[in-house]
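Written out below as structure tokens is the structure these notes cover.
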There are 2 protein chains.
Amino acid sequence: MTFELVTKDTSTRARRGRLHTAHGVIETPVFMPVGTQATVKSMTADQLRDLDVEILLCNSYHLLLRPGHETIRQLGGLHRFMAWDRPILTDSGGYQVFSLSSLRDINEDGVRFQSHLDGTTHFLSPEKAIDVQLALGSDIMMILDDCIAYPSSHFETEKSMHRSLVWAERCKQHWEEFEGRTPKSEAQEFGVRPSNSLFGIVQGGIYHDLRQESATRLVAMDFPGYAIGGLAVGEPKPLMYEIIDRLEPQLPAAKPRYLMGVGTPADLVEAIGLGVDMFDCVMPTRHARNGWLFTKDGHIVIKHAKYKDDQGPVDSTCRCVVCRAYSRAYLRHLFIANEILSSVLNTIHNLYFYLDTIRRIRQFIEFHHFDEILTETRKAGFTPS
Amino acid sequence: MTFELVTKDTSTRARRGRLHTAHGVIETPVFMPVGTQATVKSMTADQLRDLDVEILLCNSYHLLLRPGHETIRQLGGLHRFMAWDRPILTDSGGYQVFSLSSLRDINEDGVRFQSHLDGTTHFLSPEKAIDVQLALGSDIMMILDDCIAYPSSHFETEKSMHRSLVWAERCKQHWEEFEGRTPKSEAQEFGVRPSNSLFGIVQGGIYHDLRQESATRLVAMDFPGYAIGGLAVGEPKPLMYEIIDRLEPQLPAAKPRYLMGVGTPADLVEAIGLGVDMFDCVMPTRHARNGWLFTKDGHIVIKHAKYKDDQGPVDSTCRCVVCRAYSRAYLRHLFIANEILSSVLNTIHNLYFYLDTIRRIRQFIEFHHFDEILTETRKAGFTPS
């Protein structure tokens, strides 16, 4: 994987870049829809391609439990399994272990946990997290990190951050050993692209000194890219931006930066202005299934009675296939009638909104006018969450 | 609407025809997927067009309750509401009144019933059933008929059949009055095509003499098409075929015949051999959502553990987009994980199976070799139900 920095905005830190992967080129800034269980909920691969989705995020935790990463490896890897021929980023599984499973035991070696599905016991170590992601055939893998709750004390956060650094080192070593010992033919046999990549994850909670230390030591390990983890977990938005603002200069300009699990359209604009290149969030897809639809003027809650006879589209400025063909009245009917098509159409619209927002941002960066979109976003002032 | 008889098979009664409607031409024999609540469950209009669905059936009962036929009329009619530009056939609502609602009172004038959704009271008369379907802007409307349970005595069945005949006459009269008094401009204003059509429905249960009487008197009323109702309600399959067999000569050859709510792929083949042109059934779509998938060799139940590692497609001879892209292992995973995409992909496959079966049958009729497909179907002997 190589990262090409195409241009930088002149009055902000916004960047236009290009990630070259074995499954194609990703323009940045990029938004990655979440395909939790090897499917972006309700979307066919064709629909995702029609939306021009460039890269998906899939969750290792869910896939190692069901159907199992070894099963997916035997079936030719995750791309083939879900019929997705563009890049896939996988997380390490750590975040879901901490948020979904019954946590049993965490120590320096890794974390033992119970499946949220059936209570079976599993063990996730840095090495195992890499093995899972290699079995899936991910294009961009993430290190296993220790995820702590917000708020946590400086002492607890430092301890956790140090553990994450040790795990980062072990992940990188394990990945390099695999890369080194795997002949290209074998890698192909197991559905694994030899050119996959591994990102480090900066931790340190809300403490600037810990964030600096985490970043400095990860950069010394020389990862192909850097993620910012442990944000959008409950801390105030201004604090989140401040942390990114002060952390960003520590990250090498020649490597992509990925803000994990963020966020609203306004969050994306702010973070891009601070030099972030990659994002993932369940917000467009989850909100879609709950009938919350994004528009240029904020959002609408489609179940409201006022849309019963509304012939207009969700957003009159939107060019998505849903806004071109269906009325708010029809979308309300589908939601009220609990029809599967409600989730399908709402998801298409919300994903289009996010992807179109990102495409528009790219153009503004190219013309060195990103500050205009930043001003416009702050003026609109809506922050759906 | 006009019906063109293209060719007839030489050794069976199978017919190849063409229905010309205001929303396009329908080749017959035809299978109509069911779009109960103004949506074929889980399918976008684009996906239905990609499948080359030629005509949909929608349920007046569901739509008059939610969102309401007047709402749909104000929104420009059902075609515009659901973004479907090809023909739509609507039933009269009668069947669901008898099967879904809390029945309150039936008399010669119509039927008073309680909504299965909220218990509100509604009244459906022959005239109202036509008004609802005119408001929806249906291409092919059905008369309101009295639907009785199986088994019923000869006496009860005769009484019910006579009531249906009276209602048929009133439906036709009401439709003709509307057609006569509605200037084209007004019809268009209300989203109603002036060229819509009305089918009579032959009733009479399992009694040949009652079926004959019903057919004879309906034919005397001169409907544009004739449906066979009250079958596939629990009677033995051989009896159903026998009734169609003996009824068919009473139906005018120049008009289309529609067997309501039928059936399995084998049922379609048998009934086409007896001279039926049109079918609708929830089987392909409902079975899809339950993980029951049709194949050339019978069916598979996708949740079975034996498909966990199965790299093959649902049906190796199938050319649908699902069989071309996804493995049984992936479809099993989606079903087990309760993913929406499971319903979507399974529905695409099952609808393709039905539509492809019908397309194949048309070719055999054109070459006057329909008996071969009949023999093949009987030899296979599987009748999923």
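So you know, we letter chains A, B, ... as the sequences are listed, proteins then strands, and number each from 1.
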Top of A337(A), G68(A), S327(A) for chain B proximity - count of heavy-atom pairs under 4.5 angstrom: A337(A)
Proximity breakdown for M82(A) and chain B, heavy-atom pairs closer than 4.5 Å: both
Engaged part of I336(A) at the chain B interface, taking heavy atoms whose separation is under 4.5 Å: both
Close side-chain approach of V322(B) to L331(B), heavy-atom, < 4.5 Å: yes
Where L65(B) and S115(B) come nearest, the two heavy atoms and their spacing: CD1-OG, 3.6 Å
Heavy-atom contact with chain A under 4.5 Å, split by part of L345(B): side chain
Heavy-atom neighbours of Y95(A) OH exceed 12 at 6.0 Å: no
Sequence-distant partners of D50(B), salt bridge (charged side-chain N to carboxylate O under 4.0 Å, His left out), two or more places apart: none
Proximal component of Q37(A), with respect to chain B [non-hydrogen, under 4.5 Å]: both
Contacting moiety of Y330(A), where chain B heavy atoms sit under 4.5 Å: both
Heavy-atom contact with chain A under 4.5 Å, split by part of S343(B): side chain
Aromatic contact, Y326(A) with H349(A) (centres under 6.0 Å): no
Main-chain N/O of T71(A) paired with K308(B) side-chain donor or acceptor, under 3.5 Å: no
Heavy-atom pair count under 4.5 Å with chain B, highest-scoring of A83(A), A325(A), P67(A), A329(A): P67(A)
Partner set under ring-ring contact (aromatic ring centres under 6.0 Å, His included) for H116(A), not counting sequence neighbours: Y61(A), H62(A)
Which atoms of R289(A) approach chain B - backbone, side chain, both or neither, heavy atom under 4.5 Å: side chain
D85(B)/R49(B) salt bridge by N-O under 4.0 Å criterion: yes
Selection from R80(A), R332(A), Q47(A), Q311(A) maximising heavy-atom pairs under 4.5 Å formed with chain B: Q311(A)
Most contacts with chain B, counted as non-hydrogen pairs under 4.5 angstrom, among D46(A), D309(A), V344(A): D309(A)
